[in-house]
Structures are given as structure tokens and as C-alpha cells.
Number of protein chains: 4
Amino acid sequence: MNRGRPRSERVDGAVAAAVRDLLDEIGYQALSIEKVAARAGVGKAGIYRRWRSKAEMVFETAVHGPGIAPPADTGTLRGDLAALGERIVALLSAPHARPAVPGLLADVAADPALAGRFASGFVDSERAVLGEILDRAERRGEAAGADPAFVHALLLGPVFAYLFLGGGDVPPPDLPARLAAAVAAALGVEE
Amino acid sequence: MNRGRPRSERVDGAVAAAVRDLLDEIGYQALSIEKVAARAGVGKAGIYRRWRSKAEMVFETAVHGPGIAPPADTGTLRGDLAALGERIVALLSAPHARPAVPGLLADVAADPALAGRFASGFVDSERAVLGEILDRAERRGEAAGADPAFVHALLLGPVFAYLFLGGGDVPPPDLPARLAAAVAAALGVEE
Amino acid sequence: MNRGRPRSERVDGAVAAAVRDLLDEIGYQALSIEKVAARAGVGKAGIYRRWRSKAEMVFETAVHGPGIAPPADTGTLRGDLAALGERIVALLSAPHARPAVPGLLADVAADPALAGRFASGFVDSERAVLGEILDRAERRGEAAGADPAFVHALLLGPVFAYLFLGGGDVPPPDLPARLAAAVAAALGVEE
Amino acid sequence: MNRGRPRSERVDGAVAAAVRDLLDEIGYQALSIEKVAARAGVGKAGIYRRWRSKAEMVFETAVHGPGIAPPADTGTLRGDLAALGERIVALLSAPHARPAVPGLLADVAADPALAGRFASGFVDSERAVLGEILDRAERRGEAAGADPAFVHALLLGPVFAYLFLGGGDVPPPDLPARLAAAVAAALGVEE
DNA sequence: TGTTAATCGAGACGGTACGTCCCGTCTTGTT
DNA sequence: AACAAGACGGGACGTACCGTCTCGATTAACA
């Protein structure tokens, strides 16, 4: 039983558009709730009613897509890993996400409460996908007893390093394939 | 011929101490130049005379050690990589560095000028060490034609992922060894 | 149709009180917007929302009374001039006005924009009152063709000189009467 | 017996020139000791060695001429007063003095110590001249028992009012003559 | 069909911090 | 001892945002 005026969808749309525009124009750090409200033609209260902080607002409106989709079986561990790597690269280098990621990460790391919500909504889903991939490989007899957390770090870490720790270069297009090969070799999969 | 009153070492020391204290107490994001000045008993101008921004001040006073020391030859590529991995872990998880890294990274990523200075002072030195290690391995006949940038990402990325993307856990103590093994396997080094 | 939250009268009151207190305690030059805000328990923005500068704030809150009231007809030019003189003395030597006047005058003289607003709000009203007095005298046949600007300078100038150019003395209580006599004599009014 | 290096006249000259230039360009309020030192190619200490404050520096280098010269006897009180009036107008509206006067007055009024030195060096000499003029008139039998302080205010005040309280207008060229006539009339001198 | 309650845009509120300028003092090496 | 240079601790500037609050005006679901 919801009483009172319902929230307007127009506000959500206008804010999302404003956030994406501003991320492109001025970046995450210079983006402020005040600027978003002004650009969207929306009151600040309308934003605070929906999100607790800039980080949550940006994450929901500009970074978080439909989550990591269920993994398609390519027949080999290496193929599955390459496919997952592609998704990770796509997610982190998406037009509106890329300029937001470092700032977002900093805000998340600084606020434990935020870290919790973020981990359960993002990292966990990625790890679940990876778990499924490793289970399949085990069933195929390719590799056994792999540590999902380690494999996850081995896959996500280098992508992140290329995008955000290497001076801002574009990652090479064959990065997922090379990473998948390296991870497979590390897991002892014969070629 | 240096003219005018020389800069006081007392100021450098007091600022460094204040930065470290404040990083521990309130973290990088909440640390402000104003708070540092007040805590250090120093004028703001004295800080701006030395550093252009909060990021540079924190990096120089709390993160940047003596740089990555020259690599000791352990006799095997795997050993050398493990030693380098140890150093990276130590650098990123040092008491005052760890809470500062994500915010620092965000500031660096947002400011191209900063990114340039940072890259040449930090990333480059790490890559040079890695290049030396790979050269040695090639001379030994262990591995040939490895891409230093890729190997660097393969080493640094997972460490970063464990420390800052995994929800804040402590990395397992054998992480450098496991990483070295994985990287060596990926480079085709026989066990 | 006034939109947004209306300005709080509490702020106006608290600022006015703080300005008056600080004028008494430390004078106009040492009074800063920052000190006023702190003393009044008010944000600096709340002050800048209302006034463009320290000079405008002080003038409105501590000097500008209800303006010069309409002149009562005393029956003679000399009487009218003495009454106006009394008002000028009262205005310039009022408890909170006196310490503020020299600094205020300096700020006004330095800023043409301020000079314009100040002139129209203060000097003009005084000159209008004087014009009315001179018109009356002309109708009575006491004096004709007097230059209001000259008479104004003849009245206001000496008061100012006594108060602010003479080393800070208290003006003699019969100053308005003596001035009125002098001005009347200068205009050729017979005694 | 002066020991050590004597003060350089070069410094005095360079500072005086810099003060006058800066008064013209940016006015008294925006003029700072720091700007003067930079413009004059002089250390700040060299300025503080000579003057206690901006007000004293400006007064000595840009306003204070040779003092009010001894009064020439014109044969009538009215003539003498007009001559003194001319001098006052010339002093206050001199190129470098005029923009400095209001600010200077404010600083003087705010600092009692400054007020003392200023009064004895400036106001007193003007009053002495006026005293001489009134003595002469008394000896001639033109006027007796005039109050020098009142007459001084009657002469200086209106000039000040025209120059600094009237919205920045140029005073009419016949102002000294009209003032002299008014003052003479007020003193009961027959035409 | 009113009443009620949550929403809306707008913008004021007390604060904190920014990066700059200047204060008046102090500390260099040089003249 | 004075000189040019410039660092020192401190204070204020005017601006931008923070997250909260208070307005009048909408907009639905409940009574």
C-alpha cells in the first residue's frame, strides 16, 4: 500500500542522462550531485531520495549493466576464460564506465558499508560465473582443484592493470585470449 | 647559487608525519591539505610551495619508498619473479600506503599531467626491474621473447586485485610464489 | 511567485548583531566576513547571498538608519539648517556608525559600482532634504538662488572634519547651531 | 656613530616611484607592501626598516609634500582664506594623493598611534597657518575672537566633501573663493 | 470527492575545503 | 649593518559542494 505521490520515472531518466553526459565532459571527480541536479532539471532532494551517495548514483546509472550474463559453454576452459575476459574488458572499458571506475573504486574502498553492497552486487556475481566455468572444466577433466579467488584475480587483475595502472593505454585486442592462455597454462592444462 | 631563505626540513618532517597520522585516522579521501597544515603546525603556503596537489604530497610522503630496489639474481626466473612479487605486495600493503592507494590512483587517473609524472616515477622503474629479470631469463635460456608489459600486468594486476578489488582481504602469504609459478608456466618455462 | 526556501530572518538578525558587536570590539578594518559568520553562527554563503561585500553589509546593518527623515519646518532657514545639522551629526556619530565611517568611505571611494549605489541611497536623500529646506527659504524670501550642492558641502563637510579629520575629538554640542549661523550668513540672510 | 652599511638612497627612490605607479594603477586598497617591493626590486625588509605600515609609506612617499608653505599676506582675510583654500584643494587633489586619501584616512582613523603622528605632522601645521591668518585679520581689525578649529573645519570640510563625499566629482574651480567668502561672512566681515 | 501523504523543483541553511594573496617576521648568502 | 631573495605561520578572500531543511505546488491512492 504505497501512499502519496509515486516517484517519477522522468527523474530517473534525466539523472541517468545527466550523469553520463557529465562523466564524459568532466569526469567522476569533478562530477557533483549539485551539477547533476542542475543538468537534469531535478531537485537535489530527488537524488538523495534515490541514492545515498555520488558513488551509488554513478554506479547504478552509468556502470552497472545487466550484470555478467550467464556463461556460454565454448567447449574448452581456455575458450570459456577468454569469453569471460572479453566481458570483463567490455564492462570496464565501456564508454561511461571507464572514466568512472578509478574514482568509484576509491570511494568504495574508503567506505566499508559501500564496499559490502558493491561486493555483493558485482564481485560476487563475477565470481559465481567463474565458479561455473571451473566446475565445467573439472567435469571435462581439464583441471581440478583450482582456487576460484586466485583465478579471478589472475583474470581481472591484469585487465585492470592494463586499463588503469599502465598510463591509460588501450589494452591490446587479444588480451583476453592471451590471458586465457596464461591462466590455462598456470592451471596445468595441456595444450 | 641558491637565493633566499632555504626551505626548512622541519616542515617536510612535520608534514610527512601529519600525512601518515591522518591517513591512518581518517583515510585519503577525508584528508585535506587544510587538516594536514593544521596538524603539522605549518602554513598552507608551505605545503603548496612543495607539492601541487594532495595526491603528490601523499605519494611522496607516505607511499613512495626508495623505489624498487635492484633485483637480486635468485638463479631462476621463477625465483626472481617471486622476489619482485614480494616487493610489489610489500609496497602496496605497507601501513600508510594501503589506505592511500585507491584514492591516489583515482586522482592520478583523473589528471593526465599527474599521470605522466607518476608513470615515469613509479611504473617505469618497476618495468625496468622486470625487463632486467626477463633479460636474465633469456640469457639462461629459460624463456625468450616475453612481452614485459604483459608480464608486468600479469604480476601487478592480481596483487592489486587481491588488495583492492576483492573486498579488502589480506592477500595469502604465498601469493607471490603462486603468481611466479603461474607467470612462469604462462611463459612456457618447464618445471 | 517566490520559489525555493525563503531566506531566514534569523540570519539577518544574527548578522546585524555580530557586525555591531565586532565594530565595537575590533573596528571596521579588522572586521572580516569570516569573523562575522563565525560570531553569528551563520555560513559565509548566507552572507554573500545577501551582500556583495563587507562595505555593503556594514552599511546596511550598522549605519543606514531609516534615512534622513522629512524635515520639520522650524519657521526660519537657520532653524531648519540647524535641525538638519543635528541629524547629520547624529547619523555620523551614532555608536556603531562612527567607527565604521572612515573605512566604509574608503571602500566606497575605491569601488565605482559601490559609489553609485551608495550615492543614490544616501547622499541623494540628504540633498533632497536640503533642497526642500532651501525652497522653503526662497518662498519666505530669506534667500534666493542658493546652490544646494555648495550648501550641502558647507554643512556636511565641517561635521565630517570635526569627527574624522580633527584627531578624533567629540564635536562641540553647539556645532549644528554654529554651522547653521555660518551658512545663513554666507547666504546673505540678515540676522 | 653609525656602524654598518648605510641605507641606500636607491631604495627610497625606487619605493617612492613604485608607490606612485601602483596608486595610479590599482589604487590604495589593492596596493600591498609585497607588490611595492616586487615592483621596486627591493626586499620587503628594506621597506619595513623604513616605515611601520603601508599608511606611513604611502603618506610619506606620495602625499606629504613640503607641508603647507608659509602664508603670503594678501591684505584681506578673504584673500588669505582663499589662498589657503587653494593650497588645501591642491594638496588633496594632487595626482597621486587623491586616490590615496580615503584609504589613508581610514587607516589613520583605525590606529590611534598613527593618528597621533599624522595629526602632529599634518593637521597641526595646517592649523598653525590658519592661526597666523586669523591673527593678521585681528590685527587689521577685520574679525576678532574667531575659533581656529571651527574655521579650519569650515574650510577643510567642504573641500573634503566635494572631493570624497560627493560621488567623485571635480570641485568647481571657484570653490576656494566661494568658501573664503562664506567663511568671511560667517565671521562677520563686512563686504 | 475530498483528504492525506509523499513527491516535485527550487533554493536557503551551517559547514568544510579549495587555491591564492598578503601580512609581518625570520633566515640565507652577498656587499 | 644593510641588501635582494624568499620561506615561515597565520588569516582572509570569494567560490563550490556537502547533506539537510523548508517552501508552495503536484499527484495519486485512501476514505
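Please read all numbers here as calculations on a predicted model, not as lab measurements. Atom set for the values below is all heavy atoms of this structure, side chains included, hydrogens, waters and symmetry mates excluded. A, B, ... follow the sequence lines: proteins, then strands. Residue 1 opens every chain.
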Would you mind telling me which of [options] lies closest to the side-chain atoms of [X]?
X	options	answer
D:S32	F:dA7, E:dT31, E:dC22	E:dC22
C:R49	F:dA2, E:dC13, F:dC8	E:dC13
B:P6	F:dC8, E:dT28, F:dC21	E:dT28
C:K35	F:dC30, F:dA12, F:dC18	F:dA12
A:R3	F:dC30, F:dC21, F:dA2	F:dC30
D:K44	E:dA10, E:dT7, E:dG24	E:dG24
D:R5	E:dG14, F:dA25, F:dA1	F:dA1

Integer-rounded Å distance: [N] [atom2] and [X] [atom1]:
X	N	atom1	atom2	result
C:I33	E:dG15	CD1	C1'	16 Å
C:D12	E:dG14	CG	P	11 Å
A:D111	F:dG19	CG	P	11 Å
B:E9	F:dA7	CD	P	15 Å
C:W51	F:dC13	CH2	P	14 Å
C:R39	E:dG14	CZ	C1'	18 Å
B:I47	F:dG11	CD1	C1'	15 Å
B:L31	E:dC18	CG	C1'	14 Å

Walk me through whether A:R52 and A:R117 qualify under side chain to side chain contact (heavy atoms under 4.5 Å, CB included).
CA-CA 12 Å; A:R52 285 184 217 267; A:R117 260 169 300 169; 2.7 Å; yes
Is any side-chain N or O of A:R7 under 3.5 Å from a base N or O of E:dT7, one able to act as donor and the other as acceptor?
no
Can a salt bridge be assigned to the pair C:E25 and C:R39 using a cut-off of 4.0 Å between side-chain N and carboxylate O?
yes
Where each residue is assigned the nucleotide of DNA chain E containing its nearest heavy atom, which of B:A30 and C:G4 is assigned the position nearer the 5′ end?
C:G4
Starting from the C-alpha separation in whole Å, work towards a yes-or-no answer on side chain to side chain contact (heavy atoms under 4.5 Å, CB included) for B:I26 and B:K35.
CA-CA 11 Å; B:I26 60 175; B:K35 281 202 186 85; 3.9 Å; yes
Identify whether any heavy atom of C:R52 sits under 4.0 Å from a base atom; if not, whether one sits that close to sugar-phosphate; answer base, sugar-phosphate or nothing.
nothing
NA contact type, B:R10, heavy-atom cut-off 4.0 Å: base, sugar-phosphate, or nothing?
sugar-phosphate
Closer than 3.5 angstrom, by distance alone: can the side chain of A:K54 be matched with the main-chain N or O of A:L31 as a donor-acceptor pair?
yes
Interatomic distance, CH2@B:W51 vs OG1@B:T61, rounded to 0.5 Å, equals 6.0 Å
Between D:E34 and A:Y48, who's closer to the 5' end of DNA chain F by nearest nucleotide?
D:E34
When you check the phosphate oxygens OP1 and OP2 of F:dC8, does a side-chain N or O of B:R50 lie under 4.0 Å from one of them?
yes
Looking only at heavy atoms, the pair that brings C:A110 and D:Q29 closest together is CB-CG, 3.4 Å
